[in-house]
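Quick notes on the structure that follows.
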Amino acid sequence: ASSRFLKPDWGTVDGARGHRAMATIRSKTTATIEPTGEVDVETTCTATPGASNAASITVPPSFSVTNPPKVFGYGTAGFREKATVLAPVMFRVGILAALRSLKKRAKIGVMITASHNPEPDNGAKIVDPMGEMLEASWEAYATAMANCKDCDIDTEVARIRAAEDIPSGVASVVVARDTRPSGPELMDAAISGIEAVQKGATLDCGVLTTPQLHYIVRCHNDPAYGEPTEEGYVAKFSAAFRALLPAAAPKIKVNVDCANGVGAPKFATVVGALEGVLEAAIANDGSSGVLNEGCGADYVKTNQTAPKGMNFGEGDLCASFDGDADRLMFFFQTEGGAITILDGDRIAILCALFLNDRLAAAKLSGIKLGVVQTAYANGGSTQHLERLGIPTACSKTGVKHLHHLALQYDVGVYFEANGHGTVLFSDAAKATIKAAHAELAEDDVSPKAAAVRDLQAAVDLINQAVGDAISDLLLVLAILAKSGMDATKWAALYSDLPNRLLKVKIKDRTVVKTTNAERTCTAPEGMQAAVDAAVAKFSNARSFVRPSGTEDVVRVYAEAATGDEAVALAAEVCQLVFDRCEGIPPPPATAQFVDEIDATTVHSLSVLEKVVGEMAAALEPHLATVTACMQKGEAVPLEIATKLTQQSRLITRLKTQQAMCVNEADGVPRRTLSKPGVQAYERSIVEEHQHFVDRLAKCAPGSAAEAQMQNYVQWAQEEIDQVRAMSS
């Protein structure tokens, strides 16, 4: 529809290629016969007359879709996919954002980013007026709109207008993007969608971090929050940081990995505004490396290691942003070279301790503080908060759920373990703090006055619209300086419980139902009782199961007093899921379990020997099938050949990991690795990486096979980087 290019299968019009008529639409067509006999057709397909109360939307050729390549779904992170298929989706996102603006009679945001995803990916999310994520009830509209064929767009727009009683008026949408190469094209697509609804409705802010876009949207709709520009963002947060620092504090030094993303230039601007009080060594600034490749907050958290491309010394405080600078992870190197990770759980506790102390010192007892976590928060952090008497609540996984629950407190602190989070102050709490601050005499240096000033500075320093790596970094640095703590003292506040996060493939994830913030399994019947019985066998243990939101797998989390107990509990619960939820072979005690073992954790040789033996036995029937086919001169079934190859590779990997394990005489596994074992594993994974690269070169561009193989190549490269770091 609305196309200036023609496809051979569209039928014929007077001997030339043209567009086949459709019964449910009307077409306004202008055709010109070129000298070659080709027809240049511009067609606008709209809904049946009377179906829409707005002008028909014309879809430019670049964003035209006759048959969407896949079903796109809008979730907590918005849309994310390979950038090559997203232009039509972005056009439709722009349409929906304009409708949302008309509905709310306010400015709405559209951020073009895929956050911590690899550079070839991109995506978009819509930002509501106060800088929050898109209202959940509109996610279904976003999904429906993204999957619209061209000639269905007007019908879908009319449906949304009618369902939401959207008035006429002036739409206004703020648009920004990160530094991905695909960003400019996709932002043009989003702007085209906005302008298709209403001309002049777009405010193009160019390149920003995701939190900066959220901040600007909020400022436009709440002028008291700040100036709605990047300059306003820098001025507000740099001033608040200076205000929160202790008097005559020495210059703060920090090393920051910016994931080769947009956070690098934006943070550099903030550092420039803090000359004299903050010195930051910025690594992975995008000048040479690839976005999110071997660096960034997600890489640090997932691999429990430092990013590559970063220099630091023992005890130096280091931080990592993700690709769009909305996640933050801290780490430092201990004596002996080990890396200690300070994740979102520890950021939340540090902030809660500081703010709770300041509220008490300011004698603002009417303001109640609480911490919101997910079930994935380490039990050690939850137990520490309970010992301190700080209220905690558990929400479903996903920032939007934590944000919503945090609003129930006067001061709600929430961070996911991945480093995404912030602190929310209720309007009443902000008013109380502001009033107390206004009453202070300029020469009042009492502990109460100091606490009130700290609270006001904290309110100003925290980006309450959304998790913000830059704002959160400044807050943590100021708290550490104020509290006289270094990274070692921060890490010593409490100890994490050993834990495992695994997954089990099943036929249909919808058979698994949960409640109680995903901590209690209500279906299949008897599952929770079985999990409880397994947990009861171990000390200081807990475990829960929850279905994935995107694939047919069940995620299993287990923690216990010791590493061996956590591993044993996880294995037992995985087996329960496999047995009760129609698990897909092989059983979790083999491939699915060991696939989650990473090279930073040593498991007992007996466990690995058992796994390898079971997997080898499981391959025997497949080998028999292959032998029979060869004897008959028949082709080996593709499914059998694929499974045989995959499992053989995994057995090789596990045998290499056996060589990496060093057990003491008492049979207890230690965090010790033999260098020959590590080097042997490196050789095997390098070979596997090359195998994946060779297969990738043979994949059709844009195909599902290419996307899958790119993931394999990335995994193998990350494995190589990690093993080489261990070897050195």
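This is a predicted model, so every value here is computed, not measured. Computation of the quantities below employed the complete heavy-atom set of this structure, encompassing side-chain atoms and omitting hydrogens, waters and symmetry-equivalent molecules.
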Look at Asp410 together with Lys368 and state whether they make a salt bridge at an N to O cut-off of under 4.0 Å.
no
Partners of His384 by ring-ring contact (aromatic ring centres under 6.0 Å, His included), sequence neighbours excluded?
Tyr494
According to the side-chain hydrogen bond (donor to acceptor under 3.5 Å, both in side chains) rule, which pairs have a member within residues 344-361, sequence neighbours left out?
Arg358-Asp454
Judged by modelled atom types alone, do Asp204 and Thr202 share a side-chain donor-acceptor pair under 3.5 Å?
no
Under the rule for side-chain hydrogen bond (donor to acceptor under 3.5 Å, both in side chains), what residues qualify as partners of Asp316, not counting sequence neighbours?
none
Phe79: partners by ring-ring contact (aromatic ring centres under 6.0 Å, His included), with sequence neighbours left out:
Tyr74
Under the side-chain hydrogen bond (donor to acceptor under 3.5 Å, both in side chains) definition, can you give me all pairs with a residue in residues 101-111, not counting sequence neighbours?
Lys107-Ser172
Taking every non-hydrogen atom, the tightest pair across Val371 and Ala352:
CG2-CB, 3.6 Å
Side-chain donor/acceptor pairs under 3.5 Å, residues 421-428, sequence neighbours excluded:
unit_1: Thr422; atom_1: OG1; unit_2: Asn463; atom_2: O; d: 2.9
unit_1: Ser426; atom_1: OG; unit_2: Ala429; atom_2: N; d: 3.0

Intermediate values then yes/no, side-chain contact (heavy atoms from CB on, under 4.5 Å), Gln383 and Leu497:
CA-CA 10 Å; Gln383 293 170 14; Leu497 289 171; 3.8 Å; yes
Would Val175 and Ile194 count as a side-chain contact (heavy atoms from CB on, under 4.5 Å) here? Give the steps.
CA-CA 10 Å; Val175 184; Ile194 297 165; 3.6 Å; yes
Just jot down the ring-ring contact (aromatic ring centres under 6.0 Å, His included) partners of His220, sequence neighbours excluded, or say none.
none
Answer with yes or no after comparing the ring centroid distance for Phe330 and Trp490 against a 6.0 Å cut-off, counting only values under it.
yes
Residue pairs passing the side-chain hydrogen bond (donor to acceptor under 3.5 Å, both in side chains) test where at least one lies in residues 248-271, sequence neighbours excluded
Glu230-Lys266, Asp257-Asn284, Asp257-Ser320
For Thr397 and Thr374, which heavy atoms make the closest approach, and how far apart are they?
CA-CG2, 4.2 Å
Trace of the side chain to side chain donor-acceptor pair (under 3.5 Å) decision for Asn303 with Thr305:
CA-CA 5 Å; Asn303 294 280; Thr305 190; over 6 Å; no
Which pairs, with at least one residue in residues 395-421 and sequence neighbours excluded, count as a ring pair (Phe, Tyr, Trp, His ring centres under 6.0 Å)?
His403-Tyr414
Leu475 CG to Ile347 CD1 distance, which is reported to the nearest 0.5 Å:
9.5 Å
Okay, side chain of Ser483, backbone of Ile479: is any donor-acceptor separation there less than 3.5 Å?
yes
Quick one: are Lys125 and His214 in side-chain contact, heavy atoms under 4.5 Å?
yes
OG1 of Thr488 to CG of Leu317, rounded to nearest 0.5 Å, is 9.5 Å
Under a 4.5 Å cut-off applied to non-hydrogen side-chain atoms, are Val256 and Val271 in contact?
no
By the salt bridge (Lys or Arg N to Asp or Glu O under 4.0 Å) test, which pairs, at least two apart or in different chains, include something from residues 385-405?
Glu139-Lys400
Is a donor from one side chain sitting under 3.5 angstrom from an acceptor on the other, for Tyr557 and Arg519?
no
Name each donor-acceptor pair under 3.5 Å that joins a side chain in residues 232-248 to protein atoms two or more places apart or in another chain, with its distance.
unit_1: Tyr233; atom_1: OH; unit_2: Asp468; atom_2: OD1; d: 3.2
unit_1: Tyr233; atom_1: OH; unit_2: Asp468; atom_2: OD2; d: 2.7
unit_1: Lys236; atom_1: NZ; unit_2: Tyr225; atom_2: O; d: 2.7
unit_1: Ser238; atom_1: OG; unit_2: Val234; atom_2: O; d: 2.6
unit_1: Ser238; atom_1: OG; unit_2: Ala235; atom_2: O; d: 3.3
unit_1: Arg242; atom_1: NH2; unit_2: Ala273; atom_2: O; d: 3.1
unit_1: Arg242; atom_1: NH2; unit_2: Glu275; atom_2: O; d: 3.3

Interatomic distance, CG@Leu461 vs CD@Gln456, rounded to 0.5 Å, equals 11.5 Å
Please give me the minimum heavy-atom distance between Ala560 and Ala566, naming the atom from each residue.
CB-N, 3.7 Å
Go through the steps for Arg546 and Tyr376 under the test side chain to side chain donor-acceptor pair (under 3.5 Å), then give the verdict.
CA-CA 11 Å; Arg546 60 176 289 268; Tyr376 289 117; 3.2 Å; yes
Derivation of the side-chain contact (heavy atoms from CB on, under 4.5 Å) call for Asp298 and Asn292
CA-CA 8 Å; Asp298 193 61; Asn292 293 325; over 6 Å; no
Do Val217 and Asn221 come within less than 4.5 Å of each other through their side chains, counting heavy atoms only?
yes
Would you name the heavy atoms of Cys394 and Ala375 that are closest together and state the gap between them?
SG-N, 3.5 Å
Nearest heavy atoms of Ala436 and Val452, plus distance in Å
C-CG1, 3.8 Å
Under 3.5 Å donor-acceptor, Asn378 side chain and Gly380 backbone
yes
Restricting to non-hydrogen atoms, name the atom on Ala319 and the atom on Leu328 that form the minimum distance, rounded to 0.1 Å.
CB-CD1, 3.9 Å
Any side-chain hydrogen bond (donor to acceptor under 3.5 Å, both in side chains) pairs touching residues 108-117, not counting sequence neighbours?
Arg80-Asn117, Thr113-Asp178, Ser115-Asp322, Ser115-Asp324, Asn117-Asp121
Backbone N or O of Thr515 within a donor-acceptor pair of the Glu518 side chain at under 3.5 Å?
no
Lys/Arg N to Asp/Glu carboxylate O, Glu132 vs Arg218, below 4.0 Å
no
Do we see a donor-acceptor contact under 3.5 Å between the side chains of Glu559 and Ser543?
no
dist Ser395:OG -> Leu402:CG (nearest 0.5 Å) comes out at 3.5 Å
Got a donor-acceptor contact below 3.5 angstrom from the Asp326 side chain to the Thr210 backbone?
no
Side chains of Leu350 and Met485 in contact at under 4.5 Å (non-hydrogen atoms)
yes
Once you round to the nearest 0.5 Å, how far does CE of Met329 lie from CG of Leu473?
13.0 Å
If we ignore hydrogens and angles and just use 3.5 Å, is the side chain of Asp128 paired with the main-chain N or O of Glu135 as donor and acceptor?
yes
Will you find, in the side chains of Ser287 and Asp285, an N or O donor that is under 3.5 Å from an N or O acceptor?
yes
Side-chain donor-acceptor contact under 3.5 Å, Thr334 with Glu314
no
Using the rule given for side-chain contact (heavy atoms from CB on, under 4.5 Å), can you reason through Leu455 versus Leu359, listing the C-alpha separation, both sets of side-chain angles and the distance that settles it, and then say yes or no?
CA-CA 8 Å; Leu455 288 170; Leu359 287 169; 3.8 Å; yes
Drop me the distance from Ile108's CD1 to Ile126's CD1, to the nearest 0.5 angstrom.
8.0 Å
